[in-house]
Undergrad: 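First the structure, which I've put down as structure tokens, then a few questions once you've had a look.
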Amino acid sequence: LMPGRTTLRALPVLLLLLATPALALDQSQIQSACYTDCERETGSNPEYKACLARAADTADGLLNQEFSALQEGVRSAAKDMGVNPDTQLSMLKDAQRKWIAFRDDTCNFEDSLAFGATATGGYLSSCICALSYGRINDFERIRHSILGQ
């Protein structure tokens, strides 16, 4: 592989993801974004782990965007109903803090299954990526199905 080649191929996809609101991904798309794309696009374990770390960072950034969009959706729905959204926003923030702790604990467990071998760190990143996209899907479902946005 030529240096930078993977980065250049992945750049249009990354720019599309960052330029648009979070996209709901089905399980095969999550598998691709968080595992197989990096396997296919890299030629060494350090490159693979760096690719997975970038994928996790992208998913986490999109999760933050979708969290903000859900907060705005709650505010908008509350305004439409003439009520104060503080209780719901507080519940959402508390649930998200707990979910992040769950995600991090789950992913640290998965990473520990490398038992100190060269996959250590890679399992962590791919898990963070996959669970973050799952949470994005949860937030989008709430915004669309419950809040009607």
Side-chain angles (χ1 to χ4, degrees), residues 6-7 10-42 44-81 83-149:
T6 300
T7 303
L11 187 58
V13 174
L14 179 61
L15 291 175
L16 176 64
L17 288 173
L18 293 176
T20 60
L23 306 169
L25 298 180
D26 66 29
Q27 197 56 42
S28 67
Q29 292 168 316
I30 291 171
Q31 178 73 21
S32 182
C34 301
Y35 302 94
T36 55
D37 287 353
C38 288
E39 287 176 355
R40 187 174 40 254
E41 296 175 3
T42 59
S44 70
N45 193 40
E47 289 174 341
Y48 177 65
K49 288 164 98 174
C51 181
L52 290 174
R54 287 189 303 274
D57 288 346
T58 297
D60 195 52
L62 292 170
L63 176 60
N64 289 333
Q65 288 177 5
E66 191 61 25
F67 180 73
S68 293
L70 180 55
Q71 289 177 308
E72 287 304 312
V74 169
R75 285 184 190 100
S76 177
K79 182 179 179 184
D80 290 347
M81 297 188 75
V83 296
N84 185 322
D86 289 348
T87 299
Q88 288 76 18
L89 291 171
S90 178
M91 291 170 69
L92 174 60
K93 289 175 187 176
D94 185 53
Q96 186 63 0
R97 275 192 291 277
K98 290 174 182 175
W99 181 85
I100 289 170
F102 161 80
R103 179 197 67 183
D104 292 350
D105 286 348
T106 298
C107 293
N108 282 318
F109 163 70
E110 285 189 23
D111 199 50
S112 78
L113 296 175
F115 298 100
T118 59
T120 300
Y123 291 159
L124 178 68
S125 294
S126 57
C127 177
I128 288 171
C129 179
L131 292 183
S132 294
Y133 278 117
R135 188 67 167 167
I136 289 166
N137 290 347
D138 292 341
F139 287 164
E140 287 189 342
R141 176 188 53 79
I142 293 166
R143 281 193 318 108
H144 297 297
S145 297
I146 297 174
L147 297 177
Q149 301 171 350

Undergrad: CG/Asn137 to CG/Leu63 distance, rounded to the nearest 0.5 angstrom?
TA: 10.5 Å

Undergrad: Can you name the residues that form a side chain to side chain donor-acceptor pair (under 3.5 Å) with Asp86, not counting sequence neighbours?
TA: Asn84

Undergrad: Once you round to the nearest 0.5 Å, how far does OG1 of Thr42 lie from CZ of Arg40?
TA: 10.5 Å

Undergrad: So, taking the atom named CG in Leu70 and the one named CZ in Arg141, what distance separates them when rounded to the nearest 0.5 Å?
TA: 10.0 Å

Undergrad: Taking only residues two or more places apart in sequence, or in another chain, which ones meet Arg75 in a salt bridge (charged side-chain N to carboxylate O under 4.0 Å, His left out)?
TA: Glu72

Undergrad: In sequence, state the C-alpha distance, the side-chain angles, and the governing distance for Ser126 and Glu110, and then conclude on side chain to side chain contact (heavy atoms under 4.5 Å, CB included).
TA: CA-CA 10 Å; Ser126 57; Glu110 285 189 23; 5.6 Å; no

Undergrad: How far does CG of Asp37 sit from CD of Gln31, to the nearest 0.5 angstrom?
TA: 9.5 Å

Undergrad: Which pair of heavy atoms, one from Ser125 and one from Ala56, lies closest together, and at what distance?
TA: O-CB, 3.4 Å

Undergrad: Show which side-chain atoms of residues 87-97 pair as donor or acceptor with protein atoms under 3.5 Å away, not counting sequence neighbours.
TA:
unit_1: Asp94; atom_1: OD2; unit_2: Lys98; atom_2: NZ; d: 3.1
unit_1: Gln96; atom_1: OE1; unit_2: Arg135; atom_2: NE; d: 2.9
unit_1: Gln96; atom_1: OE1; unit_2: Arg135; atom_2: NH2; d: 3.0

Undergrad: According to side chain to side chain contact (heavy atoms under 4.5 Å, CB included), who are the partners of Ala78, at least two apart in sequence or on a separate chain?
TA: Val83, Pro85

Undergrad: Under the rule for salt bridge (charged side-chain N to carboxylate O under 4.0 Å, His left out), what residues qualify as partners of Asp111, not counting sequence neighbours?
TA: none

Undergrad: Please name all residues satisfying side chain to side chain contact (heavy atoms under 4.5 Å, CB included) with Asn45, sequence neighbours left out, ordered by chain then number.
TA: Tyr48, Lys49, Thr118

Undergrad: To the nearest 0.5 Å, tell me how far Tyr123 OH sits from Ile128 CD1.
TA: 15.0 Å

Undergrad: With sequence neighbours left out, write down each residue that passes side chain to side chain contact (heavy atoms under 4.5 Å, CB included) with Ala33, or none if nothing qualifies.
TA: Tyr133

Undergrad: Identify the heavy atoms of Ala77 and Leu147 that sit nearest to each other, and give their distance.
TA: CB-CD2, 3.8 Å

Undergrad: Once rounded to the nearest 0.5 Å, what's the spacing between atom CD of Gln71 and atom OG of Ser76?
TA: 13.5 Å

Undergrad: If we ignore hydrogens and angles and just use 3.5 Å, is the side chain of Thr120 paired with the main-chain N or O of Ala117 as donor and acceptor?
TA: yes

Undergrad: Taking Gln29's backbone N and O only, do any of them form a donor-acceptor pair with Ser32's side chain (distance below 3.5 Å, no angle check)?
TA: no

Undergrad: Check Ala130 against Cys34 and note the closest heavy-atom contact, atom names and distance.
TA: N-SG, 3.3 Å

Undergrad: For Ser132, enumerate each residue passing the side chain to side chain donor-acceptor pair (under 3.5 Å) test, keeping only those at least two apart in sequence or located in another chain.
TA: Arg103

Undergrad: Sequence neighbours left out, what passes side chain to side chain contact (heavy atoms under 4.5 Å, CB included) with Asp105? Give chain and number order.
TA: none

Undergrad: Please test Leu25 against Ile136 for side chain to side chain contact (heavy atoms under 4.5 Å, CB included), starting from the C-alpha separation and ending with a verdict.
TA: CA-CA 9 Å; Leu25 298 180; Ile136 289 166; over 6 Å; no

Undergrad: Does the distance from a Lys or Arg side-chain N to an Asp or Glu carboxylate O, for Asp57 and Arg54, drop under 4.0 Å?
TA: no

Undergrad: Return the minimal non-hydrogen interatomic distance between Gly134 and Ile30, and the atom names on each side.
TA: N-CD1, 4.3 Å

